[in-house]
Amino acid sequence: MGNSNFTGVFRRFVEDRGGNFMMMFGLCAIVVFMAAGLAVDYSAAIGSRTRINNALDAATLATARALTTGEIKVDKAEEYMTSVFMANLGITDLNASGYTIVNFKVDEDKQSVSAKANYDMPLRILPVGVSKDTQAVASYSEVSYGTSNIEVAMVLDVTGSMSGARISALKQAAKLGISELLSVNDSGTDDKVRISLVPYSKAVNVGSFLTRYVYSDYNEEKSDAPAYNKTLFNATDLAYDVAAFQADYEICGYTSYRVPGIPDYAAYFDQDNDHYSSYIANAGYGGWIGDIGGGYSNNDGYEYGGAYVFQAKKKKKKKKKKKKKYSCYLPSDFVVNNDGSNVDFCATDRKAPNSGKSYQYTDDSPAKGMISRDSRLEDYGCPSSSIVTLSSNKTTLDDAINAFSAGGWTAGHIGLQWAWYTISHNWADYMPSTSKSGDHKNPDNEIDKYIIMMTDGVFNTAYANTSPDGWYAGYQSTKAYHHFDKLCVAIKKDEIKIFTIGFMLTSGSTALKELQKCASPDEGDFTYFYQPSTSTELKKTYKQIAQTIQSLRLTK
């Protein structure tokens with residue numbers, strides 16, 4: 001009986017679950033507490049690591065830049081880097097902060113700055129469980145300096161909307177950027193950094209040298225561009241067979257035609273065995289060859305005269321034909337000098353051919369196909385400021401910017417196109433000898449290339465792929481941005497970084513969205529798209545871009 005009662009009591013004790021909750025809670029509370037502490041302290045460690053990484057990267061980059069520009073000497077580099085590191089962390093006493101910098105090194109042979117930073121991060125909760133007060137957080141940074149040559153193309157809006165205070169602000173800001181970029185060069189004796197300038201409005205003035213690569217074209221959507229012929233240019237100052245190209249546009253019959261700007265000279269063409277050649281005939285004002293009448297002026301200042309009549313022979317091997325009379329002339333709005341040369345050094349956009357391979361959105365050289373000067377651009381519509389090819393001469397660049405004047409519609413894609421050409425290695429042999437661009441695709445070369453694209457308005461003028469019927473400058477935004485987008489993609493694919501600046505543009509506007517899309521993607525703290533709204537902000541933008549370019553990339 002007694003045993004039986006004892007057994008029952010024991011059984012009830014074993015089966016009783018009444019105190020399990022408290023026991024389980026006690027055990028789980030420790031685990032929960034440790035997990036929460038781990039999460040809190042781990043999150044803090046991640047934040048601390050990010051902070052120390054950013055501060056150290058900024059400090060090594062700033063030190064490398066200061067060494068490159070000569071702001072500091074090597075013996076002051078560690079002190080300089082430490083001060084920048086502390087400033088980025090917001091501390092005034094490194095020793096009392098828990099941060100330390102070790103293994104600082106300036107390697108003058110490799111031209112690099114490197115350092116390691118440690119931080120003893122205080123633990124907030126885990127010390128209770130792990131008997132440890134701090135957690136070590138470390139970061140390493142190495143930056144190369146002074147090893148890369150830099151080529152920068154500055155694309156600058158000089159359209160009508162930039163008149164007044166805006167063009168003044170641009171001049172100041174662009175010159176500030178140039179000064180900052182060229183500060184890397186050693187007292188102007190080397191050309192580690194070179195800059196080209198491409199001002200644009202409704203077209204681009206390529207200047208007296210580059211005009212040899214531009215052919216006078218008619219107002220067509222596409223054009224079979226002639227190839228640049230250096231031998232022919234050296235012999236004649238014309239780089240392509242003008243008459244052969246213009247033959248497709250000649251009209252034969254008795255009518256008048258325009259002779260741009262020269263009332264007593266006119267070009268005509270001699271057709272002999274299917275070969276065309278052009279030359280000048282002094283007809284005398286009012287005394288034109290043939291008996292079709294005299295010359296007169298119209299309201300736009302162009303001179304007109306009677307068509308020329310001349311004899312031409314076509315030779316065939318077996319059969320001779322009778323002589324025929326021809327009267328051939330160019331359409332009245334074909335803008336060209338009477339020898340076929342460019343009337344104003346201006347160029348429009350590169351056109352696709354009617355058939356065959358297209359070089360429209362490439363940086364292929366003019367030997368593959370020259371650049372069009374569309375006849376829809378009036379001979380008074382060319383910007384007065386011309387391209388400045390790659391130069392390290394600050395005076396040359398500043399003087400060119402000082403001469404900027406604003407006027408005309410906006411064909412920003414044409415400016416971008418020519419900016420690419422000025423820093424393209426494919427065009428190196430077609431530039432002045434001091435402006436040849438390096439090959440940044442060659443692993444033995446250390447060359448970084450950048451384009452800075454600036455505008456204050458909507459791109460609204462294009463010539464390529466636009467129908468001549470009902471065409472008006474200022475109403476071609478769709479085509480202009482189509483060309484712009486294609487060029488942006490091609491340039492970035494060519495490993496060239498693009499900075500874009502939308503000056504005083506409305507947030508959410510098409511112009512701003514297009515610039516943002518064209519800009520290279522941001523890389524950490526490096527930003528490629530800017531939206532300054534005042535002249536002061538524009539100056540800060542150019543300075544910041546210049547400093548970003550100088551900062552060079554992190555190598556490790």
Side-chain angles (χ1 to χ4, degrees), residues 203 205-220 223-252 255-290 295 297-298 300-312 326-348 366-367 369-382 386 430:
N205 184 331
V206 298
S208 59
F209 185 91
L210 297 180
T211 192
R212 67 187 69 184
Y213 311 126
V214 179
Y215 68 99
S216 296
D217 195 18
Y218 197 48
N219 57 357
E220 299 289 351
S223 178
D224 296 321
Y228 173 73
N229 186 324
K230 184 177 180 179
T231 302
L232 180 63
F233 177 80
N234 290 338
T236 66
D237 287 334
L238 293 173
Y240 66 105
D241 190 334
V242 174
F245 175 78
Q246 292 180 347
D248 290 338
Y249 300 103
E250 290 174 19
I251 302 171
C252 292
T255 187
S256 62
Y257 76 112
R258 185 175 69 178
V259 184
I262 306 179
D264 58 344
Y265 279 85
Y268 64 100
F269 300 89
D270 181 23
Q271 188 182 41
D272 183 11
N273 196 25
D274 294 328
H275 176 72
Y276 290 81
S277 61
S278 63
Y279 57 98
I280 304 297
N282 188 341
Y285 187 60
W288 302 87
I289 295 176
S297 298
N298 71 351
D300 66 5
Y302 292 115
E303 301 296 334
Y304 285 73
Y308 289 99
V309 180
F310 58 90
Q311 298 292 323
Y326 295 90
S327 178
C328 297
Y329 62 95
L330 295 177
S332 62
D333 54 354
F334 200 112
V335 182
V336 59
N337 281 330
N338 46 16
D339 64 349
S341 60
N342 196 334
V343 297
D344 53 14
F345 300 156
C346 224
T348 54
M370 295 170 66
I371 315 301
S372 171
R373 190 246 183 259
D374 194 283
S375 64
R376 284 168 287 190
L377 176 68
E378 311 91 334
D379 63 356
Y380 56 82
C382 191
S386 65
Y430 301 88

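Phe345 pairs by the ring pair (Phe, Tyr, Trp, His ring centres under 6.0 Å) definition with nothing, not counting sequence neighbours. Contacts of Tyr249 classified as ring pair (Phe, Tyr, Trp, His ring centres under 6.0 Å), with partners at least two apart in sequence or in another chain: Tyr218, Phe245, Phe334.
If you check the side chains of Asp374 and Ser372, you find no donor sitting under 3.5 Å from an acceptor.
Separating the CG atom in Asp344 from the OG atom in Ser386 is a distance of 12.0 Å, to the nearest 0.5 Å. Note that OG1 of Thr211 is 8.5 Å distant from CG of Asn205, once rounded to the nearest 0.5 Å. A distance of 7.5 Å separates CG in Asn342 from SG in Cys382, rounded to the nearest 0.5 Å. Atom OG1 in Thr348 sits 11.0 Å away from atom CG in Asn219 (nearest 0.5 Å). Here the straight-line distance linking atom CG of Asp217 with atom CG of Leu377 works out to 12.0 Å at 0.5 Å rounding. In this structure, CG in Leu232 is found 12.5 Å from CZ in Arg212, a value given to the nearest 0.5 Å.
Although no hydrogens or angles enter the test, the distance criterion places a donor-acceptor pair under 3.5 Å between the side chain of Asp339 and the main chain of Ser341.
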Worksheet item: Under the side-chain contact (heavy atoms from CB on, under 4.5 Å) criterion, do Met370 and Val214 qualify, and how do the steps go?
Response: CA-CA 6 Å; Met370 295 170 66; Val214 179; 5.7 Å; no
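For the residue pair Glu378 and Arg373, the shortest heavy atom distance occurs at O-NH2, 3.4 Å. Here the shortest heavy-atom pairing between Ser216 and Gly340 reads OG-O, 4.1 Å. Residue Asn229 comes nearest to Thr231 through the heavy atom pair OD1-N, 3.1 Å, listed as atom of the first residue, atom of the second, then distance. Residue Ala347 comes nearest to Ala203 through the heavy atom pair O-CB, 3.3 Å, listed as atom of the first residue, atom of the second, then distance.
Pro366 pairs in a side chain to side chain contact (heavy atoms under 4.5 Å, CB included) with only one of the listed residues (Tyr213, Tyr240, Tyr215), which is Tyr213.
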